[in-house]
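Below: one structure in structure tokens.
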Amino acid sequence: MRTGQPPTSELHEHYRQLHSSHVWLDVAMCWTVVVPDSGRAFSLDQIAARLAGDTPHQLHEPALPGAVMLPYDTDRPVLVDRCGPTTMLLEQDHLGSTPAVLQRLSQGARTYSAWWSVNSHNRLSFAAGGELILTIDALFPCRPEDHAGIGQWPELQAMTDFFVDFEERDQHYDWQAAMLAVIDQTTGARLTSQWLAQPHPYITVRMPDAAH
């Protein structure tokens, strides 16, 4: 885990460029990062079981994100891979942002999630010890003191520009990049163009059942 410092301008710029260079990221995405309390990575089977709950799921061999992120029916794909002891999940849906899934993923762990949809619905979330601690709308975040539990996420609390009123933000401010940057700053996990160009295991789960 990092210290309670806000993300650097370089980190913001990294995610602004990532966001702008991959058009599909602007449509919808959910990046979820699971940091185990023990310092030992959860197995991918454990992550798949927590993601799906009591619903059908399957862990698949590695595939390129572009091949996985195709039109699908009821079985939704979620890319999964490790960054040291940390696990990263990426999807074009919202499963990793739902309270039930965050609670399952955060048992014995700290879990962070950034989700947005094409119409700018979004959630920046933090769960720990099987409990949802914090969920914030990154477009209209209100003040830090309006969010009980924000003291447990000091890196976010330190991001004063994140909590500026929407109408007063700099026109170049990228709120989606800010969501990803603070998760990176907190966990050390990093989403890159290289990661998006490489094959990763993926999980298919039955929606919407797995969200409950």
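Numbering of residues begins at 1 and proceeds along the displayed sequence. Just so we're clear, the structure is a prediction, and the values are computed from it rather than from any experiment.
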**Study point:** Sub-4.5 Å side-chain heavy-atom contact between Arg50 and Gln107
**Key:**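 Yes; the side chains approach each other to less than 4.5 Å.
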Check your understanding: At their closest point, which heavy atom of Met88 faces which heavy atom of Cys83, and how far apart are they?
Key ->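 Scanning both residues, the minimum pair turns out to be SD-CB, 4.0 Å.
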**Study point:** Side-chain touch Thr98/Trp115, heavy atoms, less than 4.5 angstrom
**Key:** no
Check your understanding: If we ignore angles and hydrogens, is there a donor and acceptor under 3.5 Å between the side chains of Asp174 and His12?
Key -> no
Exercise for review: For Trp153 and Thr186, work out which heavy atoms get closest and say how close.
Suggested key: NE1-OG1, 2.8 Å
Review point. Is Leu134 reachable from Leu132 through a run of I, L, V, M, F, W or Y residues, each pair having side-chain heavy atoms under 4.5 Å apart?
Key: no
Point to revise | Glu155 CD to Gln157 CD distance, which is reported to the nearest 0.5 Å | key: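 Between atom CD of Glu155 and atom CD of Gln157 there are 10.0 Å.
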Review point. Do Pro56 and Val205 have side chains that get closer than 4.5 Å, going by heavy atoms?
Key: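 The answer is no; the side chains never approach within 4.5 Å.
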**Study point:** Between CD1 on residue Ile203 and CZ on residue Arg76, distance to nearest 0.5 Å
**Key:**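 So the gap between those two atoms works out to 15.0 Å.
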Exercise for review: Take Leu124 and Trp175 through the side chain to side chain contact (heavy atoms under 4.5 Å, CB included) test and state the conclusion after the steps.
Suggested key: CA-CA 11 Å; Leu124 179 65; Trp175 57 273; over 6 Å; no
Exercise for review: Compare all side-chain heavy atoms of Tyr112 with those of Thr187 and state whether any distance is below 4.5 angstrom.
Suggested key: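 Counting from C-beta outward, Tyr112 and Thr187 do come under 4.5 Å.
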Practice item. Using distance alone, with no hydrogens and no angle criterion, decide if Thr204 and His57 have a side-chain donor and acceptor under 3.5 Å apart. Key: no
Review point. Under a 4.5 Å side-chain heavy-atom rule over Ile, Leu, Val, Met, Phe, Trp and Tyr, are Leu102 and Phe42 clustered together?
Key: no
Check your understanding: CD of Gln17 to NE2 of His22: how many Å apart, nearest 0.5 Å?
Key -> 10.5 Å
Check your understanding: Does Arg110 make a cation-pi contact with Phe126 (under 6.0 Å, within 45 degrees of the axis)?
Key -> no
**Study point:** Shared hydrophobic cluster for Phe140 and Phe162 (ILVMFWY, side-chain gaps under 4.5 Å)
**Key:** yes
**Study point:** Distance-only donor-acceptor check, side chains Ser113 and Trp31, under 3.5 Å
**Key:**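 There is no such pair between these side chains.
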Practice item. Take Val23 and Leu25 through the side chain to side chain contact (heavy atoms under 4.5 Å, CB included) test and state the conclusion after the steps. Key: CA-CA 5 Å; Val23 177; Leu25 291 180; over 6 Å; no
Review point. Are His200 and Trp195 an aromatic pair by the rule of ring centers under 6.0 Å?
Key: yes
**Study point:** Presence of salt bridge, Asp75 and Arg206, under 4.0 angstrom
**Key:**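 Asp75 and Arg206: salt-bridged.
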Review point. Which distance, rounded to the nearest 0.5 Å, do you find between the CG of Leu180 and the CD of Gln176?
Key: 8.0 Å
Review point. Which heavy atom of Ala52 sits nearest a heavy atom of Arg104, and at what distance?
Key: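 Closest approach of Ala52 to Arg104: C-NH2, 3.7 Å.
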Point to revise | Note, Thr87 side chain near Asp81 side chain (heavy atom, < 4.5 Å) | key: no
Practice item. Check for a donor-acceptor pair, side chain of Glu91 on one end and backbone N or O of Gly96 on the other, with a separation under 3.5 Å. Key: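 The answer is yes, because a donor-acceptor pair under 3.5 Å joins these two groups.
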Review point. Under 3.5 Å, is there a donor-acceptor pair linking the side chains of Ser97 and Arg123?
Key: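 Short answer, yes.
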Point to revise | Full working for side chain to side chain contact (heavy atoms under 4.5 Å, CB included) between Leu90 and Val78 | key: CA-CA 6 Å; Leu90 185 70; Val78 180; over 6 Å; no
Check your understanding: Between Gln194 and Gln198, is any side-chain donor less than 3.5 angstrom from a side-chain acceptor?
Key -> no
Exercise for review: Kindly say whether Leu95 contributes a backbone atom to a donor-acceptor pair with the side chain of Asp93 at under 3.5 angstrom?
Suggested key: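 No, the answer is negative, given that no donor and acceptor are paired below the 3.5 Å cut-off.
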Exercise for review: Give me the ring orientation class for Phe163 and His147: parallel if the planes are under 30° apart, tilted from 30 to 60°, perpendicular past 60°.
Suggested key: tilted
Review point. Side-chain donor-acceptor pair under 3.5 Å between His94 and Ser117, yes or no?
Key: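 Their side chains do not contain a donor-acceptor pair, so the 3.5 Å distance test is not met.
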**Study point:** Closest non-hydrogen atom pair, Ala181 against Leu11
**Key:**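 Looking at all heavy atoms of both residues, the shortest contact is O-CD2, 3.5 Å.
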Point to revise | Path from Trp24 to Val68 over hydrophobic side-chain contacts below 4.5 Å | key: yes
Review point. Taking side chain as C-beta onward, heavy atoms only, is Leu64 less than 4.5 Å from Tyr202?
Key: no
Check your understanding: Measuring from Leu139:CG to Arg169:CZ, what's the distance to the nearest 0.5 Å?
Key -> 6.5 Å
Check your understanding: Would you say the side-chain atoms of Tyr173 and Asp161 include a donor-acceptor pair closer than 3.5 Å?
Key ->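 No, no side-chain donor-acceptor contact under 3.5 Å.
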Exercise for review: Identify the two heavy atoms, one from Ile133 and one from Gly149, that lie closest to each other, and give their separation to 0.1 Å.
Suggested key: CG2-O, 3.7 Å
Check your understanding: Among Val101, Leu51, Thr111, whose side-chain contact (heavy atoms from CB on, under 4.5 Å) with Leu89 holds?
Key -> Leu51
Review point. After noting the C-alpha distance and the side-chain angles of Arg190 and Asp184, does the key distance pass the salt bridge (charged side-chain N to carboxylate O under 4.0 Å, His left out) rule?
Key: CA-CA 6 Å; Arg190 181 155 300 176; Asp184 181 320; 2.6 Å; yes
Review point. When you look at Met179 and Asn122, which way does the side chain to side chain contact (heavy atoms under 4.5 Å, CB included) test go after all the steps?
Key: CA-CA 10 Å; Met179 295 169 79; Asn122 73 89; 4.2 Å; yes
Study note, to complete from the structure: So CG of Leu105 and CD of Gln46: to nearest 0.5 Å the spacing works out to 11.5 Å
Check your understanding: Would one find more than 12 heavy atoms of other residues, nucleotides or ligands at under 6.0 Å from atom CD of Glu145?
Key ->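 Yes, the 6.0 Å shell around CD holds more than 12 heavy atoms from other groups.
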Revision key, fill the gap. Nearest heavy-atom approach of Leu191 to Tyr15 is N-OH, 3.1 Å
Review point. Should the heavy atoms of other residues, nucleotides or ligands under 6.0 Å from CG of Asn119 be counted, would the total exceed 12?
Key: yes
